Amino acid sequence: MSEQRPASAAPAPRVVVTAGTTAGAAVREAGLPGKGPDAVVVVRDPNGQLRDLSWSPEADVEVEAVAADTDDGRGVIRHSCAHVLAQAVQQQFPDAKLGIGPPVKDGFYYDFDVDKPFTPEDLQALEKRMKQIIKGAQRFSRRVVPSVDDAKKELAAEPYKLELVDIKSSDNTVDTSEVMEVGAGELTIYDNLDPRSGEQVWGDLCRGPHVPTTKHIPAFKLTRVAAAYWRGSEHNPQLQRIYGTAWESNEALDRHLELLAEAERRDHRKLGAELDLFSFPDEIGPGLAVWHPKGGIIRRAMEDYSRRRHEEADYEFVYTPHVTKGQLFETSGHLQWYKDGMYPGIHMDAEHDAEGNVRKPGQDYYLKPMNCPMHMMIFKSRGRSYRELPLRLFEFGTVYRYEKSGVVHGLTRSRGFTQDDSHIFCAPDQLADELTNLLQFVVGLLTDYGLTDFTADLSTRPEKFVGEPESWTVAEAALEQALKSAGLPYKIDAGAGAFYAPKIDIHVTDAIGRAWQLSTLQVDLQFGDRFDLEFQDSDGERKRPWIIHRALFGSIERFFGILTEHYAGAFPAWLAPVQVVGIPIADEHAEHLRGVAKSLRAKGIRVEVDTGDDRMQKKIRNHTTQKVPFMLLAGGKDVEAGAVSFRFRDGTQVNGVPVDRAVAAIDEWITRRENASPSADAFTF
RNA sequence: GCCGCCUUAGCUCAGUCGGCCAGAGCGUCUCACUCGUAAUGAGAAGGUCGAGGGUUCGAUUCCCUCAGGCGGCUCCA
């Protein structure tokens, strides 16, 4: 989900805080807003650190005022809201122990150790309490705890907080920056003070900063409960996590909730059923899709176009089997490294004598989780010359991965899927150019499908890796160079590489601002040696090729799911399963439309004539819901004039268009693979 | 794999605090209607209430196990 645009794009105002006075006073004196969506909630000091408005520096300092409607401002509101949630939970469930409660993208959460998981009714009750707390205008008050022992004494009833204090005091190697509880240098507690009596109502170990009072949390909503492992490890106990969201105004909250509703409407699992594209029959198994005819047409159109582009870019097409002997995956390393993610082996060919003794041991076959080992076999099938390089092998290769039951999710995370997989074998001096071209190819192809907003991650050597660190460095540098030449914005994701290769991941942002990881490019460091691959160079020496793994869609199923959501099911006309529907006003006009359909079909256009006995209005409704891009109506006037009337899925219409011009316009629109949804104002006949 | 929730007709969902033939809308089928830009009318068919086991005189309803789904966590070659 995307962060909403800050309301004010103007640079943050700066104010000078005089020594001994508070940031809040300076902000007030400068006349900056103290309430409303652009209220200043914290300030940023010259070191970039966010500070409470009650912060009082020892020397004069210029700070930046941080408004509620900025990313940082929302983060502070959300974090404060998490505190309010925790206070409400401990009011309602006094035995609840606190975990952590940080802001996250678009919201916040807080983890609790409770005997019974929270119910939806609990959430309602908690929201009510939170509203009371917020109304009570409690002050967030920062207090430095003098020593670790003091902190432990004060937090004696909070075992998880004690653990955090221990980690902080005993082990500086643990990165606690993600944990909002403990800051750098000193331990602090934020007290919630009653505004009248000044009495401490609640408190939490926290590095801050916070909004001045709970009243500065203008709008929030608790969204769901879920379990989460303490400190993210499955070896730790599970806590109950409550998720919520908080915003600078009710309007911003509503916009966010509307975005969530829109995402739900676009959910490819829902649209997949409504548009009759695919299904996941229980009888087949979780994460294994069957493609219905309409989904099949879209998929084939996607694949056909991709094939054509690959042909133009000098790829060679190969096919490989879905199962193989275990030995191949031992050579590749999969069985040693990722057996858990593979379907269990199929034991084959064992023979026993009459007594049951093994006469022939047999062996295990495995469903392939990746295509690469097969492509290595193709390279190895004969001697290779430098003249053949770069050799680009391409396959729509279906792979099977044993995804854990809890992670299977429609087409975007399934157990059987098809990679548009390619392995490029090149000489070391070809690597950099090949990567650069490849990046341009990726972005070009994705753009043709209507995706326009890209970023990249360069994922470097992980903790668990194979190979020599030096070759990792070389490969990482080549990838980074390619990113620079392609001019793609990127960031480095340290330690996120695959165990055998550093990689570039391409992310796209969809129509409603969500980022999806799609393509991946990896410089392989292993397979050359593991499979003993060689080519003979111009100097007569046998050398190892470098191998680039790459998938553009990643998985066709997943890409299909993403495109479905990007277009909200209204696919571009060139991909739409039914591109044109003819709707006769009455039965007697059907014949005319059949003639039109025939001309369209002759151009390869997918067209139907709806001769059912629904009324014309009902047919329009049906085909609009089915997101058909072109509806052609014909009644007496059209038949007489040798014309048709266009109705588009957005409701616009153009009447009385001569048939040959209508056919030509539709054909032209589809042939140029226009991704926009056709509409009356896009056509002049 | 872990935690919670869910599973009633093809779809979306009522309902049964344990009790006669389990309901609606949409869809499907049949008949009538032949209509100018988002739902014509009438009728019919369709469910061992996810599966198995238990408690009970009686289970779709309560309990257990399993399967599948949903939301997270962990994982993601």
Side-chain angles (χ1 to χ4, degrees), chain A residues 109 111 116-120 122 223-243 264 267 269-270 273-274 276 279-287 329 332-342 368-373 399 401-410 412-413 419 462 464-466 496-501 503 517 520 522 524 526 549 554-555 583-590 611 613-626 631-638 645-656 680:
Chain A
Y109 66 80
D111 289 343
K116 281 197 199 114
F118 299 109
T119 65
D122 290 337
T223 48
R224 54 177 156 262
V225 290
Y229 298 107
W230 168 238
R231 296 179 56 212
S233 166
E234 58 188 317
H235 305 295
N236 286 339
Q238 275 198 331
L239 307 181
Q240 291 299 312
R241 172 171 299 179
I242 297 180
Y243 281 93
E264 208 175 307
D267 190 318
R269 294 166 299 182
K270 188 177 138 87
E274 282 173 9
D276 198 15
S279 59
F280 290 89
D282 290 355
E283 292 82 348
I284 293 180
F329 292 128
S332 70
H334 287 101
L335 274 173
Q336 296 88 311
W337 288 82
Y338 282 100
K339 192 169 183 174
D340 287 351
M342 293 169 66
K368 64 174 170 183
M370 293 191 81
N371 301 299
C372 7
V399 297
R401 297 181 186 180
Y402 191 73
E403 300 288 1
K404 290 178 176 182
S405 61
V407 305
V408 171
H409 182 94
T412 56
R413 191 80 186 266
Q419 295 180 307
K464 202 168 129 182
F465 72 100
V466 291
F499 75 93
Y500 57 86
K503 58 177 181 176
Q517 193 218 303
T520 175
Q522 309 174 343
D524 188 278
Q526 284 308 300
H549 299 243
S555 131
I583 300 176
I585 303 297
D587 284 353
E588 59 189 281
H589 311 122
T611 54
D613 61 0
D614 283 326
R615 293 173 74 215
M616 173 265 303
Q617 289 88 338
K618 181 62 182 289
K619 290 179 183 175
I620 290 172
R621 178 183 154 81
N622 286 155
H623 297 113
T624 307
T625 354
Q626 286 297 303
M631 280 171 274
L632 296 181
L633 280 73
K637 277 180 268 176
D638 291 304
S645 295
F646 279 77
R647 157 110 195 180
F648 302 97
R649 54 188 167 197
D650 64 353
T652 57
Q653 48 179 294
V654 182
N655 296 328

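Source: prediction; values computed, not measured. Proteins get letters first, then strands, A, B, ... in listed order; numbering begins at 1 in each.
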Problem - Gap in Å between the two P atoms, one belonging to B:G23 and one to B:U48, rounded - result: 15 Å
Practice task
Report yes if a donor N or O on one partner sits less than 3.5 Å from an acceptor N or O on the other, where the partners are the side chain of A:Gln238 and the base of B:C2; otherwise report no.
Solution key: yes
Completion exercise
Comparing nearest nucleotides in RNA chain B, the 5'-proximal residue of the pair A:Cys372, A:Tyr243 is A:Tyr243
Problem - Base-paired stems that RNA chain B participates in, counting runs of 3 or more Watson-Crick or G-U pairs under 3.5 Å - result: B:1-7 with B:67-73, B:10-13 with B:23-26, B:28-32 with B:40-44, B:50-54 with B:62-66
Problem - Whole-Å C1' distance, B:A42 and B:A51 - result: 40 Å
Practice task
Ignoring backbone atoms, test whether A:Arg269 places a side-chain nitrogen or oxygen under 4.0 Å from the OP1 or OP2 oxygen of B:G71.
Solution key: yes
Handout entry: Short side-chain N/O contact to B:G1 OP1/OP2 from A:Tyr229, under 4.0 Å
Key = no
Practice task
Sticking with atom P, work out how far B:C75 lies from B:A9, rounded to a whole angstrom.
Solution key: 38 Å
Practice task
Verify whether one side chain among A:His235 and A:Ser233 offers a donor that lies under 3.5 Å from an acceptor in the other.
Solution key: no
Practice task
Under 4.0 Å between any heavy atoms, over every strand shown, what does A:Tyr109 touch: base, sugar-phosphate, or nothing? Just pick one.
Solution key: nothing
Handout entry: Flag, side chain of A:Asp122 to backbone of A:Thr119, donor-acceptor distance under 3.5 Å
Key = yes
Problem - Separation of the P atoms in B:C70 and B:G58, to the nearest angstrom - result: 37 Å
Problem - C1' atoms of B:A14 and B:A24, separation to the nearest Å - result: 7 Å
Exercise for the section: Determine the Euclidean distance between corresponding P atoms of B:A22 and B:A45; express it in Å to zero decimal places. Expected result: 14 Å
Handout entry: Donor on one side chain, acceptor on other, A:Gln653 and A:Asn655, under 3.5 Å
Key = yes
Handout entry: Basic-acidic side-chain contact under 4.0 Å: A:Arg241, A:Asp111
Key = yes
Practice task
Classify the nucleic acid contact of A:Phe280 as base, sugar-phosphate or nothing, counting any heavy atom under 4.0 Å across all strands shown.
Solution key: nothing
Fill in the blank from the handout: Hits for salt bridge (Lys or Arg N to Asp or Glu O under 4.0 Å) against A:Glu274, two or more places apart or cross-chain, chain-then-number order -> A:Lys270
